[in-house]
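Here is the structure we will look at, set down as structure tokens.
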Amino acid sequence: MTRELRLRRPDDWHLHLRDGAALRAVLPFTSKRFARAIVMPNLAPPVTNTALALAYRERILSALPPGARFQPLMTLYLTDHTSGAEIEHAHASGAIFGCKLYPAGATTHSEAGVTDIARLEPALASMTALDLPLLVHGEVTDAQVDVFEREARFIDRVLAPLAERWPQLRIVFEHVTTRAAVEFVRSARPGIAATVTPQHLLHNRNALFAGGLRPHLYCLPVLKTEADRRALLEPLAGGDIRFFLGTDSAPHARAAKESACGCAGVFSSHAAIELYAEIFETESILPRLQGFASEYGADFYRLPRNQDEISLVREPWSPPASYPYDGGELVPLRAGEPIAWRLQSAPA
Ligand code: DOR
Ligand code: ZN
């Protein structure tokens, strides 16, 4: 059995870092493991323009532990009013690597998101011209649609027509959760990719109700069936370059999760690459991990692959029941239960 795993240093292509004390609590977990991360813009208020994104970037850099080498790759939050000029400004800044489409009402802090895709025409035209990728939260918000069907309906109603309307636009279908999404990406035109989270690879929807309600496994899109989970593993096993690592690590304080109306989000940054290693080992596809974690995402974003390495050792450890978080507690994925791989060394 492999005991040590050396990997080109990975990147996280979908991450929620929050702000202020919460940012300071979670950022060190990511900067220890990942060289770069695509940082989601769903703050309150959201990061809707270049000035806000550059200021947020500075706050992230100031919150880094001393000596850490980590590059936040910023994103813009698209609204019904994002102009083509704003996209040009974002692109010219050199610090913004994508624009995020949240359908209004789909998830945490998405109220200011897009109500009708037709309103995005000026922004999409500009993004296409500048080759700035569109990052998509792929769920319809129609309350009539079953919560487990919202990703599949989004493909038919929004994503497929969008990909056809803008054939040159590069698109990342974020946190895919269903066979329908996997099939869409695999059969799509060039320029369409997807990120895959650890929780959707580890769990199916039964886990949400195992022995009682499990708020710490509640995220959006919600966990799906076992058949869907297996479908997510197929492109990873095949080394499909269109599928790459994006944790969607999304911290919320324990009190906000364990509530009559609990927030959506799974926190995984404390053990992200370790959990992916465990998944790839369980599937007997460990040799595929480096491409997924450290290469395909960089290639898609047209950024250089990292040149340094991290090393993991096969030595089980258990994360604590919680970490301190902004005056409260943060319950991590796999809290108090063993994870097969431990991070052994990483550059500063
Ligand atoms: O579970 C989720 N949490 N899904 C999202 O899309 C947003 C995220 C968050 O920001 O908490
Ligand atoms: Zn997210």
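Note that ligands are numbered from 1 as they come in the structure, with each ligand's atoms numbered from 1 the same way.
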Parallel, tilted or perpendicular: ring planes of Trp13 versus Phe244, cut at 30 and 60 degrees: perpendicular
Min side-chain heavy-atom separation Arg170-Met127 under 4.5 Å: no
side-chain contact (heavy atoms from CB on, under 4.5 Å) between Ile192 and Phe184, intermediate numbers included: CA-CA 9 Å; Ile192 296 185; Phe184 172 78; 4.2 Å; yes
Asp80 and Thr115 side chains, donor-acceptor separation under 3.5 Å: yes
N, O or S from His14 under 2.8 Å to the Zn ion (ligand 2): yes
For atom 3 (N) of ligand 1, the protein heavy atom that lies nearest, with its residue and separation: Ala264 O, 3.0 Å
Nearest-0.5 Å distance that lies between atom CZ in Arg3 and atom CG in Leu312: 13.0 Å
Among His252, His16, His175, closest by any non-hydrogen atom to atom 11 (O) of ligand 1: His252
Exercise: do Lys224 and Thr177 side chains pair donor with acceptor under 3.5 Å: yes
Residue and atom name of the nearest protein heavy atom (relative to atom 1 (O) of ligand 1), distance in Å to one decimal: Leu220 N, 2.8 Å
Per-atom contacts of ligand 1 with Cys219, taking only distances under 4.0 Å to non-hydrogen atoms: 1 (O)
The Zn ion (ligand 2) to nearest N/O/S of Asp248 below 2.8 Å: yes
Run the side-chain donor-acceptor check on residues 201-211: report pairs under 3.5 Å with partners two or more places apart or on a different chain.
unit_1, atom_1, unit_2, atom_2, d
Asn204, OD1, Asn206, N, 2.8
Asn204, ND2, Glu226, OE1, 2.8

Proximal atoms of ligand 1 relative to His137 (non-hydrogen, under 4.0 Å): 6 (O)
Protein contact to atom 5 (C) of ligand 1 [nearest heavy atom, distance to 0.1 Å]: Thr107 OG1, 2.9 Å
Name of whichever N/O/S atom of His16 is nearest to the Zn ion (ligand 2): NE2
Nearest-neighbour protein heavy atom for atom 10 (O) of ligand 1, which is reported as residue plus atom name and distance: Asn42 ND2, 2.8 Å
Gln199-Ser268 side chain donor-acceptor pair, cut-off 3.5 Å: no
Enumerated ligand 1 atoms positioned under 4.0 Å from heavy atoms of Ala250: 3 (N), 8 (C), 9 (C), 11 (O)
Side chain, backbone, both or neither: the part of Arg18 lying under 4.0 Å from ligand 1 by heavy atom: side chain
